[in-house]
Amino acid sequence: MMNTFHFVMATTTHTTPLLADIVNGVVDYKNRPVYRSKSGGWRSASLLIGVGIAESLAYFGISMNLITFLTGPLDQSTVTAAANVNAWYGAASLLPLLGAFVADSFLGRYRTVIISSLIYILGLGLLTLSAVFTSLDSTDSPPKLQIMLFFFSLYLVALAQGGHKPCVHAFGADQFDAHHPEECQSKSSFFNWWFFCVSSATTVSLVVLIYIQDNLGWVLGFGIPCISMGISLILYLLGTKTFRYSISDNQKSPFTRIGRVFVKAIKNWRITFSQEIFDEEVPGTSHHQSFQQFKFLNKALLCPDGSNNDANICSMNDVEEAKAVLRLVPIWASCLVCSAVFSQLRTFFTKQGVTMNRTIGSDFEIPPAAFLIFGALPIIIIIPIYDRILVPCARAITERHSGITMLQRIGVGIGFSIISMVIAALVEMKRLQTARDYGLVDKPEVTIPMDIWWLIPQYVLCGTADVFTMIGLQEFFYDQVPSELKSIGLALNISIFGIGSFLSSFLIWVIEETTRCSGQEAWFPDNLNKGHLDYFYWMLGGLSSVSAIFYLHFARTYVYRRKHTF
């Protein structure tokens, strides 16, 4: 009897903690229940951050200095090159919507990342091959076949990162249990440290890569990103056994359920209903703030005869998911102009630097694209201070796990982006005046006696805006979409910056066509000393200010999806 008692106690002692340690809603790679102590958390998230670092090195290693390759070996004009960079970056930022759709609907995030990595490596390999052909060709203009190979490879990379970037990022956040207090706080910190680690490692690597591309050749400059992507895939496969894989209780696709809500609401648009019906079915629902917003979607809960007893009607959860997606649209749209500001980092900021004094000492000349490091330094400096000091202090006051709301964080970043355009316009006015004072307006090949260090403030302000806007948007779109659409949420975030690039290209095209047809002085000539980049920066600052007003309105009226979301 005593032995039996000891056996029961021993079984209870060893079994109960294991049962309590099981994480709900996820499985391991063999579809078995997973234990909190043996999977996920920072263990897996850290490995996925390493994957993100390697992928970012590959992506930014070809994108940040792309305008130099286009205006150099490919012999394109400044306007054409800027348009091509913005178009490619825009496509690369929109394709994650396709990759996320495939992941959330069919393949899952894990398999999508593997397939995307293989396509990534192929695209970078072909890009390196195109650089080999370009370096071997001695003619002034490269053959069309080489140009076609280059752009085919470039857009293959864009397609691959469209599947890779949102899925790895969402998969990393999936490693934390949102229903566990400590892991919930860790998930919020994950977005900060993801951005910090990726930016830090990429910044150091980019300085080296840009130097290699400008001084040692583009073959090596494109070959290193290809190797980096291979390392990324190896790291990813190493974590297979420790990852947590999300499972869905609903057999219907989330796209089907949400789409059905809109279809039902349209079919029932003539029906009138009483709130008492909903109070009877779900007490107190009709008085909830979420229920009162987008009321037309509530009609998806009714049948044509005005009752709500049909088994084919949409569930309250489906309607709430549809509303959650719809509420994102105004926030998404009001951030587009702000994202157009960030496009200038890769294009006109770099071209400004080309015209300025970049010499250090007697021999060394700074590559203009290397100044992107000053956009990343604020990220490296501010994020640890924000996550370890500001957030805990704010948390003690607001009692929110994130310190301040995600929308407040995004708004602060928008403010910094507006200031960056004001400073950029003032610096450009100074640069143009210096060119006039020294009689260099018609001498674009002569360096203007104005140090490139003047550009540091606009880079720093853009980097500071990144800390608040980009990370805030990442966390916001991940948190506010339905649980089965996390990849789509992060893809929507990325698409903001893609549309911003297209918007920047569109504005450049409209201004170029308008000034050309009217006989006015062009804003974006190949000789920037005759241009008016300052006008363009003032215009972006003004448009950003207007969009910020709309953003403030939508942010104030926004209804968060879950009660525990802060």
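As the structure is a computational prediction, the values presented were derived from the model and not from experiment.
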Of the non-hydrogen atoms in Met229 and Ser117, which two are nearest, and what is the gap between them?
CE-OG, 3.9 Å

Aromatic rings Phe106 and Phe101: how do their planes relate, parallel, tilted or perpendicular, breaks at 30° and 60°?
perpendicular

Does Asp479 reach the main-chain N or O of Glu475 with its side chain, forming a donor-acceptor pair under 3.5 Å?
no

Kindly say whether Ile414 contributes a backbone atom to a donor-acceptor pair with the side chain of Ser417 at under 3.5 angstrom?
yes

For the pair Phe550 and Phe554, name the ring-plane relationship: parallel under 30°, tilted 30 to 60°, perpendicular over 60°.
parallel

Does Ser339 reach the main-chain N or O of Leu336 with its side chain, forming a donor-acceptor pair under 3.5 Å?
yes

Least distance between heavy atoms, Gln76 atom then Ala81 atom:
OE1-CA, 3.6 Å

Which is it for Thr447 and Asn357 under the side-chain hydrogen bond (donor to acceptor under 3.5 Å, both in side chains) test, yes or no, and what are the steps along the way?
CA-CA 6 Å; Thr447 300; Asn357 179 29; over 6 Å; no

Taking the side chain from Gln344 and the backbone from Ala340, do they hold a donor-acceptor pair closer than 3.5 Å?
yes

Which atom of Ala45 lies closest to which atom of Gly172, heavy atoms considered
CB-O, 4.1 Å

Side chains of Thr469 and Cys335 in contact at under 4.5 Å (non-hydrogen atoms)
no

Taking the side chain as C-beta and beyond, is there a heavy-atom pair between Tyr478 and His169 under 4.5 Å?
no

Tyr535 ring center within less than 6.0 Å of Trp538 ring center
no

Can you find a pair of side-chain heavy atoms, one from Met356 and one from Asp451, that are under 4.5 Å apart?
no

Using distance alone, with no hydrogens and no angle criterion, decide if Gln161 and Glu55 have a side-chain donor and acceptor under 3.5 Å apart.
no

Strictly under 6.0 Å, is that where the ring centroids of Trp88 and Tyr59 end up?
yes

side-chain contact (heavy atoms from CB on, under 4.5 Å) between Phe191 and Lys187: does it pass, once the steps are laid out?
CA-CA 7 Å; Phe191 290 96; Lys187 177 179 285 190; 4.2 Å; yes

Separation between CD1 (Ile114) and SG (Cys167), nearest 0.5 Å, reads 11.5 Å

I'd like to know if the side chain of Arg409 and the backbone of Val467 have a donor-acceptor N/O pair within less than 3.5 Å.
yes

Assess the pair Phe349 and Phe371: is the distance between their ring centroids shorter than 6.0 Å?
no

Heavy-atom side-chain proximity of Leu124 to Ile121 below 4.5 angstrom:
no

Atom OG1 of Thr68 and atom CD1 of Ile210: how far apart are they, to the nearest 0.5 Å?
8.0 Å

Walk me through it: do Ile452 and Leu455 pass the test side-chain contact (heavy atoms from CB on, under 4.5 Å)?
CA-CA 6 Å; Ile452 195 173; Leu455 298 180; 3.8 Å; yes

Euclidean distance, Leu490 CG relative to Leu485 CG, rounded to 0.5 Å:
11.5 Å

Measure the spacing between CG of Leu473 and CZ of Phe468 and express it to the nearest 0.5 Å.
13.0 Å

Kindly determine whether Phe196 and Trp193 satisfy side-chain contact (heavy atoms from CB on, under 4.5 Å), including the steps that lead there.
CA-CA 5 Å; Phe196 172 83; Trp193 292 109; 3.5 Å; yes

Is the ring pair Phe374/Trp453 parallel, tilted or perpendicular, if the boundaries are 30 and 60 degrees?
perpendicular

With a cut-off of 6.0 Å (strictly less than), are more than 12 heavy atoms of other residues, nucleotides or ligands near CE of Met539?
yes

With the side chain counted from C-beta on, respond yes when Glu512 and Trp523 share a heavy-atom pair under 4.5 Å apart, and no when they do not.
no

With a cut-off of 6.0 Å (strictly less than), are more than 12 heavy atoms of other residues, nucleotides or ligands near CZ of Phe151?
yes

Can you measure from CG (Leu127) to CG (Leu156) and round to the nearest 0.5 angstrom?
9.5 Å

Would you sort out whether Trp218 and Ile212 count as a side-chain contact (heavy atoms from CB on, under 4.5 Å), showing the intermediate values?
CA-CA 8 Å; Trp218 291 94; Ile212 290 173; over 6 Å; no

Gly221 backbone acceptor or donor facing Gln213 side chain under 3.5 Å:
yes

For Pro525 versus Gly531, what's the shortest heavy-atom pair and its separation?
CD-CA, 3.4 Å

Flag for Asn529-Arg431: side-chain donor and acceptor within less than 3.5 Å
yes

If you compare all heavy atoms of Gly163 against all heavy atoms of Thr112, which two are closest, and at what distance to 0.1 Å?
O-CG2, 3.7 Å

Would you mind reporting whether Glu428 and Lys430 have side-chain heavy atoms less than 4.5 Å apart?
no

For Val51, does its backbone N or O pair with a side-chain atom of Ser232 as donor and acceptor, under 3.5 Å?
yes

Side-chain donor-acceptor pair under 3.5 Å between Tyr110 and Thr240, yes or no?
yes

For Ile488, does its backbone N or O pair with a side-chain atom of Asp104 as donor and acceptor, under 3.5 Å?
yes

Ionic contact status for Asp442 with Lys530, cut-off 4.0 Å:
yes

Hydrogens and angles aside, do Trp332 and Ser495 bring a side-chain donor and acceptor to less than 3.5 Å of each other?
yes

Aromatic ring proximity, centroids under 6.0 angstrom, Phe243 and Tyr236
yes

N/O donor-acceptor pair under 3.5 Å between Ser544 side chain and Leu540 backbone:
yes

Below 4.5 Å, heavy atoms only, C-beta onward: do Phe190 and Phe195 meet side chain to side chain?
no

Of the non-hydrogen atoms in Pro378 and Gly463, which two are nearest, and what is the gap between them?
CB-C, 3.9 Å

For the aromatic rings, using the six-membered ring if either is Trp, is the centroid distance between Phe348 and Tyr537 under 6.0 Å?
no

Value for NZ (Lys165) from CG (Leu95), rounded to nearest 0.5 Å, stands at 12.5 Å

Would you check if Ile419 and Thr464 make a side-chain contact, meaning some heavy-atom pair closer than 4.5 Å?
no

Give the ring-plane orientation class for Phe524 versus Phe536, where under 30° counts as parallel, over 60° as perpendicular and anything between as tilted.
perpendicular

Determine yes or no for a side-chain-to-main-chain donor-acceptor pair under 3.5 angstrom, with Tyr155 supplying the side chain and Ala92 the backbone.
no

